[in-house]
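Notes follow the structure.
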Amino acid sequence: MATADAGKPAEITWGREKLVISSLLGELPPAPSPEAHARMLQAAVGHGLVSVSEQSWEAVARACVRPDVVALQLEQAQGAGLLLEEHVDGATLRSVHSRMWMTELFPGIQPRTGQEALDVPDPQVFGVAKDGKPQAVIRYRYRDLAHFQQHVWQTISVTLHLNSYEESILSRRVTRALIAHPVLIEFEDGSECLHVIATRDGITRLASAWKVLAGPSATPTDAADLAVEVLFGESGTSLGTSRSDRMNRSRAAYRERLRQEHHRESQGGGLSLRMAQIAQTYLMPVHLTIGVEAHTSGALAPEDVFDDAVRSILASVHVEFKPWDDSAQNLEVVTRALKLFAQSRRSALGDQEQLRDIYSLAIGRTNEAATPRVYGDERIPGTPLWRATCLLHTLTRPEFHEQLKARAKEIKNERRMSTKGYAGLLGPVIDLPWRAAKSSAMKPARNAWSNGGVLCEDVLADGWVPVPTADFLSLVEPALAGDVNARCTLAVAGGVALIADKLLTRNVGSAVAVTPAPGKVPFRADVSTVIGGLARKDNELGLWILAHAAQRFRHDLLPRNASSARQMGLRDAATGDDAYVHVAVDLEAPDRILREDEREVALTTWDVVFASDPERARRMTAWAEPPQKSRPSDSSGTDDEAADSTTDSTTVFVPTEMSTGQLIVEERKRLHDWLSYAKRSLETLEELGSRVSFPPLLGSPEEWLDLQQSAFDVLEFVQRNRSGGPEDEEEEQD
């Protein structure tokens with residue numbers, strides 16, 4: 001079975017996506033010889049380590065691409081030998097590994113949909129025992145053949161509605177083996193029994209393969225239609241032939257037609273879509289369970305042992321094992337993707353040797369001191385923050401960005417990856433040098449990366465390069481003068497510092513407040529949007545915040561802005577004092593640092609978000625006392641005003657002598673004002689939308705869903721607290 005040239009991956013169009021075919025069968029195997037079929041039966045029937053009837057072995061032989069290879073595993077199975085053994089509570093399962101025709105694999109009962117209310121009921125399930133010993137066979141009892149067909153159709157259709165791996169399968173076939181075993185199909189109406197191979201784990205992979213074979217425009221129901229047509233088709237009506245024989249011949253004939261079609265397509269000299277569809281789904285890797293041995297301590301009846309053991313295996317795969325957390329998965333995905341990229345191609349950013357060095361720097365094989373050497377510029381400081389800055393610049397260049405996203409999607413079996421998703425992959429790479437020292441801030445920092453991190457529009461754009469410097473403050477002046485290199489360097493370095501030190505994280509609705517308070521923000525915005533706002537060329541306040549954050553950043557501990565040490569009265573372990581602190585900015589001060597009573601004022605998350613868009617912040621907090629000296633964008637006030645604003649900044653601006661009833665009335669008025677403002681915003685959006693067709697008025701699908709949920713929350717609250725009126729009185733009478 002030859003494969004396509006792995007050094008020249010081909011590209012095909014699948015719907016709206018372009019996919020790279022990395023592994024393709026160049027020639028499809030023919031049906032096995034009768035001799036190979038007979039050899040497997042001779043090795044299998046009566047074997048001491050297996051427990052499958054002769055009729056079920058016939059089904060196994062029909063399903064195997066190379067029955068002689070299965071025979072070899074059985075012939076060499078001395079004391080289990082080449083058989084795969086798995087020990088679970090109550091039993092030992094034995095399996096062979098084989099490639100099987102997709103058209104001989106029936107979907108078993110789908111656990112993913114077991115809690116759903118579906119039209120077609122599952123069959124009754126029974127175990128099989130012989131001479132008091134369990135058999136590696138399950139009996140499915142259907143009402144009639146139509147019930148069996150409808151159940152298969154429903155399983156494939158519903159599975160594809162839940163999930164599909166079609167693009168992954170088309171790119172590189174099914175790579176992880178399915179778990180399957182023989183099943184005896186019985187019918188309550190007395191129809192002829194059928195012996196088939198049922199898939200117990202990998203039903204989504206099997207259904208996705210049918211979707212690939214059905215075509216890019218096929219719906220889940222179209223794929224299910226094709227599967228039922230092929231699996232249940234019958235060839236010949238001769239008297240004396242059984243339904244099972246007719247169905248077997250029909251599936252074999254269909255496979256041969258596919259093989260011939262694939263051969264004709266391959267004569268064209270290139271890779272056609274149909275050729276790829278057939279080659280990638282023609283056969284599948286399978287772990288076929290063919291033996292079961294009950295443990296003496298088992299409490300189950302012999303006929304229940306096998307099904308319980310198989311369920312245990314499935315549970316260990318999908319339920320019992322503790323899955324990796326998102327960050328561990330992201331790190332695995334991005335490092336694998338980077339390694340694949342580094343080893344498979346050259347880049348305009350450097351040759352393969354440099355790419356390998358970048359990979360080593362990213363995974364921690366070489367430390368931050370190697371950054372100047374890796375990037376060939378001795379002016380670059382060999383610090384953790386500059387490691388992060390250079391890696392982020394590299395990994396966000398359009399060439400890297402798109403290729404790594406494509407690799408990551410392949411690894412994760414995902415169709416799409418947003419900028420937020422890509423940023424989430426980068427977080428665990430960037431924070432490697434300070435992961436232990438700043439462990440208490442790791443979760444909010446990872447949340448910030450999953451919310452876009454520093455990947456604002458300017459950082460993702462092509463054409464800028466980091467400006468090597470040991471003094472980030474020196475970059476503010478050129479940034480204000482329009483130097484995009486200086487601006488983006490501040491955005492990346494300062495943004496990384498703010499995220500790592502818990503001064504900027506994913507903010508949610510509960511974090512919004514009308515006045516400054518710990519952990520609060522004036523408005524809700526993505527982290528990448530906040531950093532993009534800080535780094536605007538006309539935002540002097542934001543650029544100074546970024547510069548000071550980058551300049552003061554330390555990788556070996558948290559600042560007192562974020563650390564609980566300040567609350568506990570502890571001192572800085574490294575310096576003996578509380579010197580490490582990110583500072584608020586005063587644009588009128590010579591060093592741009594805000595001070596009160598000659599003490600530096602600590603920067604807060606409120607300050608950061610406020611500075612990213614002061615106009616929006618003022619609009620959102622219109623009913624509160626406007627921040628004065630303590631919020632640097634309004635630093636023109638007097639010292640007396642500054643003192644007053646400092647006092648007010650910790651208190652919500654409402655008269656404290658009001659009763660609770662009066663407070664409710666005031667808050668309700670504020671709610672009416674906000675809803676009126678929202679209505680005006682919608683009207684404005686609608687008017688603006690009449691002028692252009694892009695961008696979407698309510699943003700990306702994720703933004704739309706978030707807005708929809710917020711609207712639902714408001715509506716649900718209003719409905720739940722509806723005042724009594726005529727309608728309520730009628731409902732009470734009813």
Side-chain angles (χ1 to χ4, degrees), residues 324-343 347 349-350 354-371 373-375 380 382-412 414 417-439 441-456 459-460 466 489 491-501 504-506 527-528 531 550 553 555:
W324 290 351
D325 61 33
D326 291 342
S327 297
Q329 294 181 41
N330 287 342
L331 183 60
E332 174 73 7
V333 169
V334 72
T335 52
R336 284 182 59 197
L338 182 57
K339 184 176 183 179
L340 288 169
F341 180 74
Q343 292 185 351
S347 166
L349 296 172
Q354 185 184 19
L355 290 175
R356 286 194 291 269
D357 288 340
I358 291 172
Y359 169 75
S360 296
L361 187 65
I363 67 171
R365 187 174 296 163
T366 56
N367 62 28
E368 62 272 7
T371 304
R373 175 184 61 78
V374 170
Y375 286 93
I380 299 175
T383 65
L385 187 57
W386 268 104
R387 168 192 176 273
T389 301
C390 292
L391 281 176
L392 281 167
H393 175 260
T394 298
L395 300 178
T396 54
R397 296 312 83 216
E399 180 185 22
F400 269 72
H401 185 200
E402 294 305 318
Q403 289 291 330
L404 286 176
K405 276 178 64 174
R407 295 287 190 180
K409 285 190 294 184
E410 290 177 6
I411 294 170
K412 297 185 73 174
E414 292 181 351
M417 180 173 289
S418 65
T419 299
K420 291 180 183 178
Y422 186 68
L425 295 180
L426 301 183
V429 171
I430 299 306
D431 67 18
L432 178 62
W434 53 82
R435 197 176 293 164
K438 300 178 186 285
S439 59
M442 185 182 304
K443 184 175 181 179
R446 297 277 171 81
N447 288 340
W449 282 105
S450 297
N451 194 231
V454 302
L455 305 194
C456 60
V459 168
L460 289 173
T489 302
V492 173
V496 167
L498 292 172
I499 290 172
D501 286 337
L504 191 54
T505 187
R506 177 185 63 195
V527 172
S528 54
I531 291 176
F553 179 77
H555 73 280

To the nearest 0.5 Å, tell me how far [X] [atom1] sits from [Y] [atom2].
X    : Y    : atom1 : atom2 : answer
L395 : C390 : CG    : SG    : 11.0 Å
L361 : T366 : CG    : OG1   : 4.5 Å
L404 : R397 : CG    : CZ    : 12.5 Å
H401 : L426 : NE2   : CG    : 8.0 Å
T489 : L392 : OG1   : CG    : 11.5 Å
E399 : T394 : CD    : OG1   : 11.0 Å

Has the side chain of [X] got a donor or acceptor atom that lies under 3.5 Å from a matching backbone atom of [Y]?
X    : Y    : result
R387 : A362 : yes
Y375 : I380 : no
N451 : V527 : yes
R506 : S450 : no
K409 : M417 : no

For Y422 and T396, test the side chains for any donor-to-acceptor distance below 3.5 angstrom and give the result as yes or no.
->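 Per modelled atom types, Y422 and T396 side chains form no pair under 3.5 Å.
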Taking it one step at a time, do F400 and L355 satisfy side-chain contact (heavy atoms from CB on, under 4.5 Å)?
-> CA-CA 11 Å; F400 269 72; L355 290 175; 3.1 Å; yes
Between N447 and K443, is a side-chain contact (heavy atoms from CB on, under 4.5 Å) present by the stated rule, with each step listed?
-> CA-CA 6 Å; N447 288 340; K443 184 175 181 179; 4.2 Å; yes
Over all atoms of both residues, closest heavy-atom pair of [X] and [Y]:
X    : Y    : result
A491 : V454 : O-CG1, 4.1 Å
V496 : I430 : CG1-CG2, 4.2 Å
G424 : P428 : O-CD, 3.3 Å
M442 : D431 : CG-OD2, 4.4 Å
W449 : G427 : CG-CA, 3.6 Å
G453 : I531 : O-CD1, 3.5 Å

Go through the steps to decide whether D357 and R373 satisfy the test side-chain contact (heavy atoms from CB on, under 4.5 Å), and finish with yes or no.
-> CA-CA 9 Å; D357 288 340; R373 175 184 61 78; 3.7 Å; yes
Run the numbers on L385 and H555 for side-chain contact (heavy atoms from CB on, under 4.5 Å), then give the verdict.
-> CA-CA 8 Å; L385 187 57; H555 73 280; over 6 Å; no
